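One structure is given here, and the rest of the page talks about it.
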Amino acid sequence: MKLQWFAAALFLVVGAMAGKYSREVNEPKPGGADELTVEFRIAKLNQVWEKAKRMQMSPVRQAELHSDLKIQEKDELQWKKLKVEGLDESGEKEAQLRRNFHVILAKYGMDGKRDTRPLESNSLKDHEPNGGDSFEDPRLDKLWNKARNSAKFSEKELENLKKEFQHHKEKIHEYNILMDTVSRTEETHKNVISPLEGDATEPVLQQKHTELKQKMRDLNHGFERLRKISHKGFSEDSEFREPRVIELWEAAKRANLSGDELDSLKEELHHFETKVEKHSHYKEQLELSHQKLQHVENLGDKDHLRRTQEKYNTLSEKTREMGYKMKKHMQELSNKISRQGLQHNEL
């Protein structure tokens, strides 16, 4: 009897051990708790995204980061194909991608440096054209106060102008990040590259400085536009309202394009502006949805909370998707303007 009991016990233990180490138990089941949702196909981008979700980042800023990471992922996957085909021998494209990645980290305060910018809040500040505003640049503050206190602008025009000032402030911030990134990259090159390798890296460094000079030219053009508008008001033939679209249109006018090309581009930019405005609307709705979610969480109604969370998740996903498509379209338009301008200059 004891022998039979021992044999039965041994059978159960062996069966349990076999089950513990079987493929069925250890492989995650579809939809199971062990299955991890992978947002990006590149590991380092997933690490950034997971870190972002743990940070106290506003929903809109998180959605913007998601769009930037999606663009970075697309560019890196394209570069991997180029590398396999041996089309980036100088490493210029790789250096550009690395620089873009560092810019993204710095832009969202994830580069390990202390972020000195004011903390974000969930309040919708974009639609407060009056009140004490600071653009963290004395020249911008002076222009804005002049425009706000003049009688040249309607409330709607002032709202649009404030968006342009805000956009210019962000462009300055991005330029400073890029300049800092380039400086650190150059220091690294000086420390690790031998004199024999110096000639190989020279084209890459030249490309970096060309990029910085172009961004500085764009900033100067942007500031000059803000200065003119602040003094004279909006002209009657103002084509666009959204700062990103205005920036593209101004670049197109400087690119020495033909009349037909400008007309074609103008039509395309009007379609793009509709897309930008729609995305802005969704970002506002996402902020409001987040505020509602926080309110419902405090009520303790689980059913209500579940429905609100589902609506918020759907809106968040839609905002991210639209943001990626918008930024991708903007990148394509910017490249198109640059290529056409270059072709005309070569003729």
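Small disclaimer: the values here were computed from a predicted structure and weren't measured.
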- Going through the distances and angles, do Asn220 and Glu224 end up as a side-chain hydrogen bond (donor to acceptor under 3.5 Å, both in side chains)? CA-CA 6 Å; Asn220 288 336; Glu224 183 59 23; over 6 Å; no
- Message: Gln214 vs Asp218, test: side-chain hydrogen bond (donor to acceptor under 3.5 Å, both in side chains). Steps then yes/no.
- Response: CA-CA 6 Å; Gln214 182 58 51; Asp218 290 342; 3.0 Å; yes
- List the steps and the verdict of salt bridge (charged side-chain N to carboxylate O under 4.0 Å, His left out) for Glu73 and Lys70. CA-CA 5 Å; Glu73 178 182 52; Lys70 277 292 181 186; 3.6 Å; yes
- Query: Passes side-chain hydrogen bond (donor to acceptor under 3.5 Å, both in side chains), Glu136 versus His173? Steps please.
  - Reply: CA-CA 10 Å; Glu136 299 170 18; His173 181 63; over 6 Å; no
- Is there a salt bridge (charged side-chain N to carboxylate O under 4.0 Å, His left out) between Lys80 and Asp75 once you walk through the steps? CA-CA 9 Å; Lys80 285 183 178 180; Asp75 290 344; over 6 Å; no
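Taking a 6.0 Å sphere around NZ of Lys74, one finds it holds more than 12 heavy atoms contributed by other residues, nucleotides or ligands. Environment of CD in Glu267: sparse, with no more than 12 heavy atoms of neighbouring residues, nucleotides or ligands closer than 6.0 Å.
Counting only heavy atoms from C-beta outward, the side chains of Glu297 and Thr308 never approach each other to under 4.5 Å. The shortest distance between side-chain heavy atoms of Ile229 and Lys152 does not fall below 4.5 Å. With contacts defined as side-chain heavy-atom distances shorter than 4.5 Å, the pair Arg307/Asp303 qualifies. Side-chain contact check for Arg99 versus Glu211: some heavy-atom pair is nearer than 4.5 Å.
No hydrogens or angles considered: nothing links the side chains of Asn298 and Gln294 as a donor-acceptor pair under 3.5 Å. Side-chain contact, Tyr108 with Asp68: a donor N or O sits under 3.5 Å from an acceptor N or O. A side-chain N or O of Gln72 and one of Glu76 form a donor-acceptor pair less than 3.5 Å apart. A side-chain N or O of Ser258 and one of Glu261 form a donor-acceptor pair less than 3.5 Å apart.
Remark: aromatic rings of His168 and Phe135 are distant, center separation not under 6.0 Å. Ring to ring, His290 and Tyr312 are close: their centroids are under 6.0 angstrom apart.
Cation-pi geometry between Arg139 and Phe223 is satisfied (NZ or CZ under 6.0 Å from the ring centre, within 45° of the ring normal).
In terms of modelled atom types and a separation under 3.5 Å, the side chain of Ser264 and the main chain of Asp260 share no donor-acceptor contact. In this structure, His329 contributes its side chain and Lys325 its backbone to no donor-acceptor pair below 3.5 Å. A donor-acceptor contact shorter than 3.5 Å is absent between the side chain of Glu250 and the backbone of Gly222. A donor-acceptor distance shorter than 3.5 angstrom exists from the side chain of Ser280 to the backbone of Val276, with no hydrogens or angles considered. Side-chain atoms of Asn46 do not come within 3.5 Å of backbone N or O of Val38 as any donor-acceptor pair.
Contact record, Leu265 with Leu257: CD2-CD1, 4.3 Å, taken as the closest heavy-atom pair. The minimum heavy-atom distance linking Ser67 with Gly323 is given by the pair OG-C, 3.3 Å. Minimum interatomic distance between His304 and Leu299 (heavy atoms only, all atoms of both residues): ND1-CD1, 4.4 Å. Between Gln62 and Lys53, the shortest heavy-atom contact is NE2-CA, 3.8 Å. For the residue pair Leu212 and Tyr175, the shortest heavy atom distance occurs at O-CE1, 3.5 Å.
Ion pairing of Glu174 with Lys215 is absent here, as no side-chain N (NZ or NE/NH1/NH2) approaches a carboxylate O to less than 4.0 Å. For the pair Arg54 and Glu50, the salt-bridge criterion is not met [side-chain N within less than 4.0 Å of a carboxylate O]. At a threshold of 4.0 Å, the pair Glu247-Lys171 counts as salt-bridged, since one of the basic side-chain nitrogens sits closer than that to a carboxylate oxygen. Under the 4.0 Å criterion applied to side-chain N and carboxylate O atoms, Glu64 and Lys283 are assigned as salt-bridge partners. A salt bridge does not link Lys83 to Glu94: none of the charged nitrogens lies less than 4.0 Å from a carboxylate oxygen.
Just one of Glu321, Gln331, His279, Lys278 meets the side chain to side chain contact (heavy atoms under 4.5 Å, CB included) condition when paired with Met326; it is His279. The one candidate from Glu273, Glu164, Glu157 that meets the salt bridge (charged side-chain N to carboxylate O under 4.0 Å, His left out) condition with Arg241 is Glu273.
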